[in-house]
Amino acid sequence: MKPRYKVSLAAVLLGGGIVAGSLMNNSVNGASSSGQPGTADDPVVTKSYVDQKIAQALKGGTTTNTSSSKTTSSAASSTTNTTSNATTSGASSPGKVPTAEQTEELKVVDVKPGQKLIAKAGSEFILRNGYAVVYSMDASGAIDITSGTEIVHNQAVEKNHLLSFPREGRGIQVKEGQKFGLVVMVRGGYTLQ
């Protein structure tokens, strides 16, 4: 075979392969799919819209107006504030500072040397700054969820570790001999003594 014939045959086969491949590639490019994201066939939605639809599905598919749900949540918020005020303004024993009831939000609490941050049952603490030890009246203490260990009374707490307190009466305090306080993120109820 002549070289010229070989080159032209190779060019025809290569060109034919490219044409055949581009014709078969329509499904890969999305031509047969439902459309591009952001079009009427496949709209882009916000997280709040998805959350609202999930909440509706969990409640049994009832439709609610977003303005009425905001009104309901603000009414619930004012009820919570009233309950919180009643809890904190109630009688407390001397030496204790009453604090907010058990909530899901994180609060930053400053603990001065000599004070104890006592957790309500199920509360979680994260030590952000300072040197702390666990305070407990019994043999058990707190659960260090980050390392998967139990920390007993007077054992050091590592910074940035999530601590869980399964029962009331346990907490953390400033390590003996430290002159600076603690900065603790708290989720749940607590008392500062």
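All heavy atoms count here, side chains included; hydrogens, waters and symmetry mates do not.
Contact detail for Glu105 and Lys107: the closest heavy-atom pair is OE2-CE, 3.4 Å. Between Pro166 and Ala121, the shortest heavy-atom distance links the atoms O-CB, 3.7 Å. Smallest separation of non-hydrogen atoms from Ser164 and Ile145: CB-CD1, 3.5 Å. In this structure, Ser140 and Ser136 approach most closely via the heavy-atom pair O-OG, 2.5 Å. In terms of heavy-atom proximity, Ile172 sits nearest to Leu182 at CD1-CD1, 4.2 Å. What you find for Gly181 and Val174 is that their closest heavy atoms are CA-CG2, 4.3 Å.
A heavy-atom distance below 4.5 Å is found between the side chains of Phe125 and Leu117. Within the 4.5 Å cutoff, side-chain heavy atoms of Asn154 are placed close to those of Gln173. Contact check for Val108 versus Val183: side-chain heavy atoms found under the 4.5 Å cut-off. Between Thr191 and Lys120 there is a side-chain heavy-atom pair separated by less than 4.5 Å.
Residue Leu9 holds its CG atom at 15.0 Å from NZ of Lys2, rounded to the nearest 0.5 Å. With rounding to the nearest 0.5 angstrom, the CD atom of Gln155 is 7.0 Å from the OG1 atom of Thr149. Summarising the geometry, atom CG belonging to Asn160 is positioned 8.5 Å from atom OG1 belonging to Thr146; distances are rounded to the nearest 0.5 Å. Atoms CG and CG, on Leu127 and Leu162 in that order, are 12.0 Å from each other to the nearest 0.5 Å. From Asn129, atom CG reaches atom CE of Met185 across 13.0 Å, with rounding to the nearest 0.5 Å. Separating the CG atom in Leu106 from the CD1 atom in Ile126 is a distance of 6.0 Å, to the nearest 0.5 Å.
Val12 forms part of no hydrophobic cluster, judged by ILVMFWY side-chain heavy-atom separations under 4.5 Å. Through direct or relayed side-chain contacts under 4.5 Å between Ile, Leu, Val, Met, Phe, Trp and Tyr, Val152 connects to no other residue.
With sequence neighbours excluded, no residue forms a side-chain hydrogen bond (donor to acceptor under 3.5 Å, both in side chains) with Lys179.
Residues Val50 and Leu58 share a hydrophobic cluster, clusters being chains of Ile/Leu/Val/Met/Phe/Trp/Tyr side chains in contact below 4.5 Å. By the criterion of side-chain heavy atoms lying less than 4.5 angstrom apart, applied directly or through intervening Ile, Leu, Val, Met, Phe, Trp or Tyr residues, Val184 is grouped together with Leu163 in one hydrophobic cluster. A single hydrophobic cluster is not seen to contain both Val133 and Val186; linkage of ILVMFWY side chains at heavy-atom distances under 4.5 Å, directly or through other members, places them apart.
A cation-pi arrangement, defined by a distance under 6.0 Å to the six-membered ring centre and an angle within 45 degrees of its axis, is absent between Lys112 and Phe180.
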Full working for side-chain contact (heavy atoms from CB on, under 4.5 Å) between His153 and Tyr135: CA-CA 5 Å; His153 181 68; Tyr135 168 80; 3.9 Å; yes

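The backbone N or O of Gly141 lies less than 3.5 Å from a partner atom in the side chain of Arg170, making a donor-acceptor pair.
Remark: the Asp144 side chain and the Ser147 side chain contain an N/O donor-acceptor pair separated by less than 3.5 Å.
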